[in-house]
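Just so we're on the same page: letters track the sequence lines, and every chain starts at 1.
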Number of protein chains: 2
Amino acid sequence: MPDRDASLETIQRELTAFARRARAAAARLHPELSLVSYTLLAHLEEQGGCRATDLAAHYLLDKSTVSRQIAGLERLGFVERRPAPEDQRAQVLHLTARGADTLAQVAANRRDAFRERLGDWDDADLDRFAGYLLRYNASNRTLIQHAPQN
Amino acid sequence: MPDRDASLETIQRELTAFARRARAAAARLHPELSLVSYTLLAHLEEQGGCRATDLAAHYLLDKSTVSRQIAGLERLGFVERRPAPEDQRAQVLHLTARGADTLAQVAANRRDAFRERLGDWDDADLDRFAGYLLRYNASNRTLIQHAPQN
DNA sequence: CCTTTAAGTTGTACTATACAACCGAACCCG
DNA sequence: CGGGTTCGGTTGTATAGTACAACTTAAAGG
């Protein structure tokens with residue numbers, strides 16, 4: 001019964017539609033933190049601090065892009081730079097208390113929005129959907145290893 | 001067993017990760033057509049032509065944004081404007097043969113990329129994943145109806 | 001008719017991004 | 001150990017996508 005090509009077509013179309021709206025949706029949901037800023041802060045929290053280069057590598061961004069993003073977040077008082085003990089060239093980026101607060105606030109907003117949006121899904125469906133997304137993104141990550149540029 | 005909050009968290013994180021990469025991925029996959037251009041052309045094909053205003057409404061874009069996007073696509077020879085028979089203010093946008101060709105080419109590339117990426121998924125999983133994405137985006141669409149701006 | 005509304009364009013500004021050139025520190029080989 | 005090489009980061013420059021506001025022209029409607 002499942003038509004493989006139709007499914008692929010749908011997946012492609014719906015993911016594209018989602019991607020197109022994501023930035024604007026994030027801006028609406030939390031104007032004080034862009035999707036990218038949010039992501040970088042969340043990574044810093046999760047990792048307990050890391051270098052700009054690590055962020056660039058992880059998110060496939062140019063180091064200049066990360067440098068400017070971080071400069072903005074520092075200006076806002078959300079991150080601070082600490083000397084890296086083992087390499088004087090590097091700086092380790094850390095969330096400030098203010099950054100952690102803002103991140104927590106935004107994360108809560110997002111959580112609520114998702115909870116609302118997915119409120120009528122049953123647990124098993126949510127679980128499967130989460131699993132599929134993980135699997136999809138993991139395959140993406142694999143492909144990226146082989147990609148040339150960026 | 002499925003933990004609802006954990007699933008929500010994962011869905012949120014993975015969708016965000018995907019959104020962040022989508023544009024760059026599209027640029028890599030088909031440099032000649034950005035994600036937005038692709039989307040607009042695909043909509044024109046699907047609809048068999050429509051007005052700029054319709055595109056703006058459908059994709060929640062400002063009309064100036066659409067105007068410039070279309071201007072670009074026209075410059076590339078991918079779309080043409082025809083007078084709207086019933087309203088002299090409006091123009092109906094149509095794909096040109098060249099636009100249709102390019103779109104078909106890009107769509108084929110995308111299809112291949114997705115087929116490759118999802119090659120090891122079995123049919124039932126693909127079908128369910130497609131269904132979940134449809135359902136997710138549909139709820140998004142509903143929320144957007146209530147949103148104020150844009 | 002004359003006001004209001006709708007479709008589109010243009011001016012302006014901002015953000016995210018990339019690439020290239022650069023700086024300075026650290027690393028490593030001979 | 002010393003000088004070339006690599007690495008982390010910043011800055012200059014350019015581009016794309018987007019929004020908002022002001023404007024133009026045309027339709028619609030009392």
Side-chain angles (χ1 to χ4, degrees), chain A residues 16 19-28 30-41 49-76 79-93 147-150, chain B residues 16 19-28 30-41 49-76 79-93 147-150:
Chain A
T16 302
R20 230 185 19 240
R21 302 186 221 231
R23 245 168 245 260
R28 220 177 304 133
H30 43 78
E32 72 279 26
L33 222 51
S34 78
L35 195 57
V36 179
S37 301
Y38 172 79
T39 301
L40 296 183
L41 289 188
C50 71
R51 301 173 309 163
T53 294
D54 301 332
L55 291 174
H58 191 79
Y59 294 117
L60 298 179
L61 293 170
D62 192 79
K63 53 188 181 155
S64 65
T65 301
V66 173
S67 174
R68 287 184 234 264
Q69 287 286 333
I70 293 299
L73 292 173
E74 190 185 22
R75 227 174 296 122
L76 291 168
V79 305
E80 64 183 13
R81 305 161 191 260
R82 301 186 194 158
E86 286 313 300
D87 188 339
Q88 285 310 100
R89 292 171 304 183
Q91 313 161 358
V92 182
L93 307 169
Q149 83 324 347
N150 230 333
Chain B
T16 302
R20 232 185 17 241
R21 304 184 219 233
R23 246 168 244 260
R28 221 177 302 133
H30 43 78
E32 72 279 25
L33 221 51
S34 78
L35 195 57
V36 178
S37 302
Y38 172 78
T39 301
L40 296 182
L41 289 187
C50 71
R51 300 174 309 163
T53 294
D54 301 332
L55 291 173
H58 191 80
Y59 293 117
L60 297 179
L61 293 171
D62 191 81
K63 54 188 182 155
S64 66
T65 300
V66 173
S67 174
R68 287 183 234 264
Q69 287 286 332
I70 295 299
L73 291 173
E74 191 186 22
R75 225 174 297 122
L76 290 168
V79 306
E80 64 184 14
R81 305 160 191 260
R82 300 185 196 158
E86 286 314 301
D87 188 340
Q88 285 310 101
R89 293 171 303 181
Q91 314 161 358
V92 183
L93 307 169
Q149 82 326 346
N150 230 334

>> Could you report the tightest heavy-atom contact between T39(B) and L35(B), atom names first, then the distance?
In response: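 Heavy-atom minimum between the residues: OG1-O, 2.7 Å.
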> Which atoms form the tightest heavy-atom contact between Y59(A) and L40(A), and what is the distance?
Replying inline: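 Nearest heavy atoms, Y59(A) then L40(A): CD1-CD2, 3.8 Å.
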Side chains of residues 63-75 of chain A: which donor-acceptor pairs under 3.5 Å do they make with residues two or more places apart or in other chains?
residue : atom : partner : partner atom : Å
S64(A)  : OG   : D62(A)  : OD2          : 2.6
E74(A)  : OE1  : R81(A)  : NE           : 2.8
E74(A)  : OE1  : R81(A)  : NH2          : 3.2
E74(A)  : OE2  : R81(A)  : NE           : 3.2

Identify, with sequence neighbours excluded, every residue that meets side chain to side chain contact (heavy atoms under 4.5 Å, CB included) alongside [X].
| X | answer |
| --- | --- |
| A84(A) | A90(A), V92(A) |
| A27(B) | none |
| E32(B) | H30(B), T102(B), V106(B) |

> Base, backbone or nothing for each nucleotide of nucleotides 9-14 of chain D, written B, S, -, heavy atoms under 4.0 angstrom, 5' to 3'?
Replying inline: BBBBB-
> In chain order, what residues pass the side-chain hydrogen bond (donor to acceptor under 3.5 Å, both in side chains) check against T16(A), with sequence neighbours excluded?
Replying inline: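 Only R110(B) meet the side-chain hydrogen bond (donor to acceptor under 3.5 Å, both in side chains) criterion with T16(A).
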> Which of residues 31-38 of chain A sit near DNA chain D, with a heavy atom under 4.0 Å from it?
Replying inline: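 The stretch gives none, as no residue of it lies under 4.0 Å from the strand.
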Quick one: [X] [atom1] to [N] [atom2], roughly how many Å, whole number?
| X | N | atom1 | atom2 | result |
| --- | --- | --- | --- | --- |
| L55(B) | dT18(D) | CG | C1' | 16 Å |
| L60(A) | dA18(C) | CG | P | 9 Å |
| R75(B) | dT9(C) | CZ | C1' | 13 Å |
| D87(B) | dG8(C) | CG | C1' | 11 Å |
| L40(A) | dT15(C) | CG | C1' | 14 Å |

>> Under the rule for salt bridge (Lys or Arg N to Asp or Glu O under 4.0 Å), what residues qualify as partners of R51(A), not counting sequence neighbours?
In response: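 In terms of salt bridge (Lys or Arg N to Asp or Glu O under 4.0 Å), with neighbours along the sequence ignored, R51(A) is linked to D54(A).
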>> Below the 4.0 Å mark, does dG24(C) have OP1 or OP2 next to a side-chain nitrogen or oxygen of Q88(A)?
In response: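 Q88(A) to dG24(C) OP1/OP2: no side-chain N or O under 4.0 Å.
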>> Would you say R23(B) places a side-chain N or O within less than 4.0 Å of OP1 or OP2 belonging to dT18(D)?
In response: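 Checking dT18(D) against R23(B), a side-chain N or O does come within under 4.0 Å of OP1 or OP2.
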